[in-house]
**Student:** 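Below you will find the structure I want to go over with you.
Worth saying up front: this structure is predicted, and the values here are computed from it rather than measured. In the text below, chain A, chain B and the rest are named by the order of the sequence lines, each starting its count at 1.
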Amino acid sequence: MGTTSTMKSIKQFNPKAYQRQSFWRAAWKAISRKPGRLVGFIIIVIFTLMAIVGPYLFPKELPIDPNAIYAPLSWKYPLGTDFEGTSNLALIITGARYVLLAAALGALFTVVFGTVLGLVAGYFLGWSDSVIMRITDFFLTVPSFPLLVVLSTVWNFGHPLAMGFILGITGWGGMARAVRSQTLSLRERGFIEAARGLGLSPFYILFREILPNVSSYIGMNLLTSITGCIYAEVGLFFLGVVPFHVNNWGVMLNMAVFSAGAMSSPSALPYLLSPLLALLILTLGIVLFLDAVDEMFNPRLREDA
Amino acid sequence: MIEIKNLEKYFTIKAKFSDRKIVHAVRRASLTIPDGGAVSLIGESGCGKTTIGRMLCGMETPSEGTIIINGQDISKLRRGARARLLQKIQLIHQDPYQALNPTHTIQQMMSATLKKMARQKKKGAEWISQRTNELLKLVGLDPSTILFKYPHMLSGGQKQRVIIARALTVEPEMLVADEVVSMIDVSLRLGILKLLRSLREKFNISILFITHDIASARYLGSNTELYVVYKGMIIEKGLTEQVIRQPHHPYTQALLSAMPILKGIEKPGKDRFVLTSQFRQSEEEQVGCLFADRCPFSQPICSEKRPELISQGNSTDAYACFFPEIRDVAAVSVDH
């Protein structure tokens with residue numbers, strides 16, 4: 001015990017300990033520090049893998065089994081089957097790609113748009129601020145869900161890109177406002193003034209000086225808006241307002257409730273619960289992982305404690 | 001060579017909806033800083049000394065008056081040329097804890113501006129790292145231990161040294177040191193002052209030293225000038241030693257009297273006096289001497305007419321007072 005603590009202090013005083021540390025190594029350190037974060041990270045990785053390789057694991061047309069309609073949980077059908085006797089697990093895995101890709105694109109769109117506009121408005125002020133903020137106000141007042149419903153009648157949401165775009169375009173307003181207010185307080189700080197005095201370009205100041213200081217906020221927003229986007233799109237499919245060409249979690253929920261009558265017949269319950277379970281686990285993973293984000297981006301919190 | 005002529009600065013403060021208050025922060029300040037020279041501005045908080053420094057660096061625009069850098073009037077230059085000229089004047093912030101980006105390592109900070117310099121000089125990455133090491137060593141830091149540290153891992157004094165090194169990356173001709181030692185641990189102050197002095201002596205970098213501590217102004221080396229600022233007006237100027245030994249203006253004397261003495265080693269000057277009334281930012285413009293309401297020696301005429309800053313004979317000394325009188329307020333050693 002005594003030796004290990006001495007070893008630790010020796011290691012701390014070694015100047016080599018302050019070598020350059022890459023972002024990824026620091027991020028891994030932050031994640032692996034607490035088991036909760038690690039669990040969250042693993043869940044996210046599993047779902048990502050599911051979205052990437054999932055559809056290749058199964059044939060394009062999932063096998064149906066007329067003898068096993070609404071089959072209970074078994075080794076063959078770990079999550080039961082649906083109205084055609086298709087394995088729920090296979091449906092979840094193959095359906096993950098659309099849901100996650102659309103959500104990731106939507107969140108990315110929200111964050112990139114919100115961050116860039118917020119930074120520009122907050123740093124330059126003046127007319128650019130007025131123009132950007134009026135546009136932001138406009139998008140903030142547009143009720144996003146009814147808009148999605150209306151757009152779905154004219155737009156084909158078969159491709160996740162279209163869905164992600166729509167989710168993003170209605171979501172960036174709040175992000176832009178929040179980033180702007182953070183920029184407003186950061187721009188008065190001494191180091192921004194010093195950077196200006198040193199003749200560094202506005203581009204450098206915005207994206208290298210201010211952005212890293214709001215990056216933990218942005219990272220958290222990215223993750224939370226992924227969950228937000230998932231709920232929004234699954235909700236759309238569940239309500240049946242979006243024509244479904246593809247299998248995904250929202251479609252499963254819709255079919256379970258409105259066609260299979262899962263609310264009243266217990267045999268169809270696995271069909272309803274399996275997409276809900278997937279949503280729950282993914283949300284849990286993201287929430288657990290959020291804990292690590294602050295430490296990943298803030299060098300102050302990153303130190304070995 | 002930097003010349004400031006009749007510099008004025010008004011700040012407008014929005015009080016209520018359309019009600020505006022105007023604060024007269026700097027009143028007709030003129031000063032000259034020769035190449036490699038050092039000028040100290042002293043005065044209490046809110047007297048406008050920082051504003052003068054900030055105007056000089058281009059952080060604030062003067063309401064009136066001219067700033068001439070190397071013979072060029074900066075208000076008459078185009079934007080790009082002005083920015084290039086103003087880069088030669090670097091501000092060292094009062095608060096080292098605020099002036100470094102918490103998300104950057106020291107190496108990132110140094111290379112940000114050095115990359116730009118390297119592009120101008122057509123030098124490569126080798127030059128950048130070499131220059132980083134050189135500058136960090138110059139300010140008394142060990143590059144190998146400090147390079148990849150974040151600002152929060154450094155002490156206040158180390159931070160201030162990094163800030164000075166960063167300012168030196170753009171090869172400035174002048175440093176505006178705004179209360180550089182006030183936030184630093186007392187034990188490290190002298191190191192920073194000595195560093196500024198050596199920069200002045202070795203590289204001929206002139207220094208505008210803004211402080212409220214007369215004692216630290218004396219560490220800048222020989223041939224320095226001291227300007228005493230009160231409510232935005234320069235009320236006394238002269239060579240530092242001269243002003244400290246023979247202050248003419250009652251406010252300068254009050255400042256000198258307020259310096260703590262080392263009891264038993266020093267004793268206070270016999271004319272030492274302490275101001276009892278507080279500094280007030282008056283609502284309406286004062287007609288008379290700005291210091292009249294606090295001055296223990298004021299006469300009726302002091303609140304009717306304002307004394308101008310008048311040079312005395314051929315010396316550099318000047319003071320704005322109707323009744324100048326040398327008072328013995330500075331501390332003297334006991335054994336004298």
Side-chain angles (χ1 to χ4, degrees), chain A residues 11-23 25-27 29-30 119 123 182-183 185-219 293-305, chain B residues 54 56-60 80 82-117 120 142-154 159 162-163 166-170 172 175-176 178 183:
Chain A
K11 202 178 153 201
Q12 270 172 357
F13 277 103
N14 180 3
K16 284 220 165 111
Y18 293 111
Q19 285 294 324
R20 187 204 306 261
Q21 211 179 21
S22 82
F23 171 78
R25 272 191 62 191
K29 255 186 174 169
L119 282 175
Y123 182 71
Q182 298 224 357
T183 311
S185 78
L186 280 168
R187 78 191 293 278
E188 303 300 327
R189 296 270 291 275
F191 61 86
I192 300 298
E193 200 166 68
R196 239 178 282 156
L198 287 163
L200 295 169
S201 68
F203 186 85
Y204 183 91
I205 294 175
L206 269 187
F207 293 100
R208 293 294 190 77
E209 300 267 352
I210 297 178
L211 186 63
N213 282 286
V214 288
S215 56
S216 61
Y217 178 80
I218 291 168
V293 173
D294 226 358
E295 223 165 281
M296 277 160 66
F297 288 106
N298 190 344
R300 255 203 130 109
L301 302 170
R302 222 185 273 160
E303 267 175 288
D304 306 86
Chain B
R54 287 174 60 87
L56 204 54
C57 310
M59 304 274 181
E60 305 273 1
R82 183 171 61 215
R84 242 169 287 134
L85 199 58
L86 284 174
Q87 230 182 75
K88 297 281 164 204
I89 303 177
Q90 283 296 320
L91 179 69
I92 313 286
H93 272 264
Q94 173 176 10
D95 184 356
Y97 295 83
Q98 285 274 321
L100 295 173
N101 193 333
T103 59
H104 285 186
T105 60
I106 309 308
Q107 188 258 346
Q108 281 172 305
M109 285 171 206
M110 299 289 290
S111 60
T113 40
L114 281 174
K115 268 180 199 155
K116 236 183 75 176
M117 297 301 286
Q120 282 171 20
D142 175 18
S144 62
T145 52
I146 217 167
L147 215 46
F148 296 110
K149 278 187 179 176
Y150 286 95
H152 69 269
M153 301 170 175
L154 308 179
K159 278 187 191 139
V162 169
I163 292 167
R166 186 179 62 179
L168 292 176
T169 55
V170 294
L175 294 178
V176 176
D178 184 4
M183 305 274 290

**Student:** With a 4.5 angstrom heavy-atom cut-off, could you sort out which part of B/T113 is near chain A: side chain, backbone, both or neither?
**Tutor:**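 For B/T113, backbone and side chain are both near chain A.
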
**Student:** Does the side chain of B/H104 come within less than 4.5 Å of A/E209's, by heavy atoms?
**Tutor:** yes

**Student:** Before you tell me yes or no, could you show the steps for A/F191 and A/N213 under side chain to side chain contact (heavy atoms under 4.5 Å, CB included), namely the whole-Å CA-CA distance, both residues' side-chain angles and the distance that decides it to 0.1 Å?
**Tutor:** CA-CA 11 Å; A/F191 61 86; A/N213 282 286; 3.6 Å; yes

**Student:** Using non-hydrogen atoms only, which part of B/Q108 is less than 4.5 Å away from chain A: side chain, backbone, both, or neither?
**Tutor:**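 Contact with chain A is through the backbone of B/Q108 alone.
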
**Student:** Within a strict 4.5 Å, meaning less than it, do heavy atoms of the B/Q98 and B/H93 side chains meet?
**Tutor:** no

**Student:** Under 4.5 Å heavy-atom distance to chain A, tell me which part of B/N101 shows up: side chain, backbone, both or neither.
**Tutor:** both

**Student:** Are there more than 12 heavy atoms of other residues, nucleotides or ligands under 6.0 Å from atom CZ of B/R82?
**Tutor:**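 Buried by this count: over 12 neighbours within 6.0 Å.
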
**Student:** With a 4.5 angstrom heavy-atom cut-off, could you sort out which part of B/R84 is near chain A: side chain, backbone, both or neither?
**Tutor:**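 Interface part for B/R84: neither.
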
**Student:** Taking B/V170, B/T169, B/L100, B/I146 one by one, which has the highest count of heavy-atom pairs under 4.5 Å against chain A?
**Tutor:**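 The candidate making the most pairs under 4.5 Å is B/L100.
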
**Student:** Quick one: what part of B/A112 sits under 4.5 Å from any heavy atom of chain A, side chain, backbone, both or neither?
**Tutor:** both

**Student:** Tell me, do A/F297 and A/I218 make a side-chain contact under 4.5 Å, heavy atoms counted?
**Tutor:**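 Not touching, per the 4.5 Å side-chain cut-off.
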
